[in-house]
Chemist: 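Structure provided below as structure tokens; questions to follow.
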2 protein chains.
Amino acid sequence: MLSRSAWRSGARLRKRRPETSTVGPPARSRPTLEAVATVAGVSRATVSRVINGDHRVRADAAASVRAAIDQLGYVPNQAARSLVTRRTDAVAVVVAEPQERVFIDPFFGTIFRGVGKALAEHGLQFVLLLLEGTTDRDSVVRYLAGGHVDGALIFSLKSDDALPAAVTGLDLPAVFSGRPDWPRHQAGDDVLFVNADNRGGGATAARHLQSLGRSKIATITGPMDQAASVDRLLGFRDELPHLADSLIVEADFSRHGAARAMHLLLERHPDLDAVFVASDLMAAAALDVLREQGRRVPDDVAVVGFDGIAAVAERTSPPLTTIHQDIEKMGRLMVDLLTQAITGPGEPRPESITIPTRLVRRLSA
Amino acid sequence: MLSRSAWRSGARLRKRRPETSTVGPPARSRPTLEAVATVAGVSRATVSRVINGDHRVRADAAASVRAAIDQLGYVPNQAARSLVTRRTDAVAVVVAEPQERVFIDPFFGTIFRGVGKALAEHGLQFVLLLLEGTTDRDSVVRYLAGGHVDGALIFSLKSDDALPAAVTGLDLPAVFSGRPDWPRHQAGDDVLFVNADNRGGGATAARHLQSLGRSKIATITGPMDQAASVDRLLGFRDELPHLADSLIVEADFSRHGAARAMHLLLERHPDLDAVFVASDLMAAAALDVLREQGRRVPDDVAVVGFDGIAAVAERTSPPLTTIHQDIEKMGRLMVDLLTQAITGPGEPRPESITIPTRLVRRLSA
DNA sequence: ATGAAAGCGCTAACAT
DNA sequence: ATGTTAGCGCTTTCAT
């Protein structure tokens, strides 16, 4: 829900330019369509046609319009345009995660590359909205509702986040990263998402470790308030139904948290011979701890990660065996879904997508 | 220069909603001011006043307006508003760097935290624009020129980037990160920037290493097409005027590049006893190489980094002695400058800022 | 304190 | 092929 006073967007910053300019360059206000039309000796409509690629314009008229545009340095006013077209050609990418994670976990860098490329292909501007505190949610919802963008891609992993519900109530095309599991979500809700087969991936990890003959298998999970973490653990347990609770330690997708979890596991079970870690970044940290504690990988302890980001998995020592999901592709798919949703009713409604995961074997397991 | 056809922003995505709704929820178009006014039984002007915090409205009128707003779920259309106010209450943060760097080097995460907080305090929306290839420059310039934002913060470290010149030609308030050194820049240009005293920091590093009694001092620099890298080296040489070229290796601010540079230095000068590395991230990589090559730090080789990001410098082994710049503060200062510039002519013109750097001693030197 | 009315700069019928 | 015209949703004089 939008807090009422939130509209007053704080200090009004720009003072109106005094008509009688004081000092400095006389605030040449940007040229308008009208100005271009006058210079080119045609009507506004013709200029508009040239700008928007309407071919029903005589070549010489078009040429003089273009000349006028260049001469004046004219750039269309987007506010005016989108007021009538109801389109902005921009898409918001909303990330409701602490900045620490966004700028450190390569997951985001990778998926944004996919998103960015796909958006560019569609001629859409990539607008990234970062949320710092809880306060920001209002301001972002206002931004989205205010018509700045044609649609939104939402990255909000915590189940109890208020943002998803706020966004779905907005009548703005939106696609989520990961399966929805926030409180007010109903199975029937027509929420679009792109998900990886986290459960299947967790199961694959467990089977692989078992096939290696490991018997004391532990796992370091992500935060249990995120669907992806829950699903990975669920799949893992599908194959290891008798897994003791003491072999499961929850961490927070950070290096630091994973290191702590690894220490804890080693303390509890000095004889463990395998660990499934819910992200590559955390697996890298676990490897460091294992080495430091004198365990050889994979001889003493086999390690399987999750993500399959080459930049991370190939550079650990030993290189990391991991459950791979095509993250960049997930980004592209989110954009595909969104553009279909924007195209709107009348077209067949696009469907959410779950992409497969697969084991990529390197040396750690 | 804006390529002419660039305005045609690609596929027109949204088909106009058929007035005669087909299936699904009838595309309830967003309520307008007019609708709120009707429900509240007042005029548009009064509703507008309530929304914008104008106090010259009777309490009961204001109350019924607010009730109508809640009932209808009304949110102002920003395009319409900014068409008349000529303000958007949004600021673009433009990053002309490869995404790899943005999402890995903690410099960006840190400075964005400062920027984000300061913008929020001013009631301004943070809009991050990421540039992938060169193609994107047009699209970003169009976005900035199109009136989507009130100002821009530009992070573009490469000297030969076309973006800064394009932006300064735009009559849009802008503040740059780092001193300007792009080709068309003239000393007289009134470009606003926030810079760290990179040259002073480089000199401090050199003096510190000398004070430790080191005599074979090398350096791993950042890319020489970036002012910050050049300045750090300049300062370093100020104190070490006879530094041999073979003791200088250029890297690219990446871990990988720094590791390669460190190997190269060790090969050339197995007897080196100190290294100044132009970023903490690179210094961390250099430490790894040194350890791996059997050098003790700081006993055999002293290492000084640059940035002073605690999250990096405190977690290396040994913890990193580094030249500290208050990155988060730089972010805040950029916003301060920008808001002053947006306030516009009439006010005293703000001045660019260079913040000091200082040595923070830990164990590596 | 409130309403009427005039635009902001643009696109999209509708004429011609 | 081109011009005329009517808005898009809002803020802001100017009256009252």
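Here is how names work: the chains are called A, B, and so on, in the same order as the sequence lines, proteins then strands, and each is numbered from 1.
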Chemist: Describe, as an angle rounded to 10 degrees, how the axis at the first end of the helix from C/dA1-D/dT16 to C/dT16-D/dA1 is tilted relative to the axis at the last end, five pairs per end.
Modeler: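 The two end axes of the helix from C/dA1-D/dT16 to C/dT16-D/dA1 meet at 40°.
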Chemist: Could you tell me how far apart A/Glu34 (CD) and C/dC8 (P) are, to the nearest whole angstrom?
Modeler: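 Atom-to-atom, A/Glu34 to C/dC8, this comes out as 10 Å.
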Chemist: Quick one: are B/Glu121 and B/Arg332 in side-chain contact, heavy atoms under 4.5 Å?
Modeler: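 B/Glu121 vs B/Arg332: side chains touch.
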Chemist: Tell me which residues in residues 40-48 of chain A put a heavy atom below 4.0 Å from DNA chain C, sorted by number, or none.
Modeler: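 Residues of residues 40-48 of chain A under 4.0 Å from DNA chain C: A/Arg44, A/Ala45, A/Ser48.
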Chemist: Could you give the CG-to-C1' distance, from B/Asp89 to D/dC10, as a whole number of Å?
Modeler: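 Spelled out: CG on B/Asp89 to C1' on D/dC10 is 14 Å.
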Chemist: Does a donor on one side chain sit under 3.5 Å from an acceptor on the other, for A/Ser139 and B/Gln125?
Modeler: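 Checked: A/Ser139/B/Gln125 side chains pair up, N/O donor to acceptor below 3.5 Å.
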Chemist: So do the side chains of A/Thr339 and A/Leu124 get within less than 4.5 Å of each other, counting heavy atoms only?
Modeler: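 SC-SC contact between A/Thr339 and A/Leu124 confirmed.
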Chemist: Any idea how A/Phe126 and A/Phe112 line up, ring-wise: parallel (<30°), tilted (30 to 60°), or perpendicular (>60°)?
Modeler: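 Geometry flag for A/Phe112 against A/Phe126: perpendicular rings.
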Chemist: Taking only residues two or more places apart in sequence or in another chain, which ones pass salt bridge (charged side-chain N to carboxylate O under 4.0 Å, His left out) with A/Arg49?
Modeler: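 Per chain and number, A/Arg49 pairs via salt bridge (charged side-chain N to carboxylate O under 4.0 Å, His left out) with no residue.
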Chemist: Is the shortest side-chain heavy-atom distance between B/Asn77 and B/Thr32 below 4.5 Å?
Modeler: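 No - every pair of side-chain heavy atoms lies 4.5 Å or more apart.
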Chemist: In whole angstroms, how far is the P atom of D/dC8 from the CD atom of B/Gln78?
Modeler: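 So the CD-P distance, B/Gln78 to D/dC8, works out to 19 Å.
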Chemist: Given atom CG of A/Asp60 and atom P of D/dA1, what is their separation to the nearest angstrom?
Modeler: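 That distance rounds to 12 Å.
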Chemist: Nearest to the side chain of A/Val84, heavy atoms from C-beta on, is which of C/dT2, C/dG9, D/dC10?
Modeler: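 Of the options given, the side chain of A/Val84 lies nearest C/dG9.
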Chemist: Side chain of A/Ala61, heavy atoms from C-beta onward: which of D/dC10, C/dG3, D/dT2 has the nearest atom to it?
Modeler: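 Nucleotide nearest to A/Ala61's side chain: D/dT2.
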Chemist: At under 4.0 Å, does any side-chain N or O of A/Arg81 touch on OP1 or OP2 of C/dT11?
Modeler: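 Yes, within the criterion.
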Chemist: Kindly indicate whether the side chain of A/Ile51, heavy atoms from C-beta on, has any atom under 4.5 Å from the side chain of A/Ile69.
Modeler: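 Yes. Closest side-chain heavy atoms under 4.5 Å.
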Chemist: Separation of A/Leu83 atom CG from D/dC10 atom P, in whole Å?
Modeler: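 To the nearest whole Å, that distance equals 9 Å.
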Chemist: Taking only N and O in the side chain of A/Arg58, is any of them less than 4.0 Å away from OP1 or OP2 of D/dA1?
Modeler: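 Checking D/dA1 against A/Arg58, no side-chain N or O comes under 4.0 Å of OP1 or OP2.
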Chemist: side-chain contact (heavy atoms from CB on, under 4.5 Å), that's the test. Do A/Val127 and A/His148 meet it? Break it down for me.
Modeler: CA-CA 10 Å; A/Val127 174; A/His148 287 285; over 6 Å; no
Chemist: Between C/dG9 and B/Arg86, is there an OP1 or OP2 to side-chain N/O distance shorter than 4.0 Å?
Modeler: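 For C/dG9, OP1 or OP2 has a side-chain N or O of B/Arg86 closer than 4.0 Å.
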Chemist: Look at the side chain of A/Asp150 and the backbone N and O of A/Val91, then say whether any donor-acceptor pair between them is shorter than 3.5 Å.
Modeler: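 Looks like no, no N/O pair under 3.5 Å.
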Chemist: With a 4.0 Å cutoff (strictly under), does any side-chain N or O of A/Asn52 reach OP1 or OP2 of C/dT11?
Modeler: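 Yes.
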Chemist: How close or far is atom P of C/dA4 from atom CG of B/Leu33, stated in whole angstroms?
Modeler: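 Result: 14 Å.
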Chemist: Using whole Å, what does the distance between atom P of nucleotide D/dG7 and atom CG of B/Asn77 come to?
Modeler: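 To the nearest whole Å, that distance equals 18 Å.
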Chemist: What's the CD1-C1' distance between B/Ile51 and D/dT12, to the nearest Å?
Modeler: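 About 14 Å, once rounded to whole Å.
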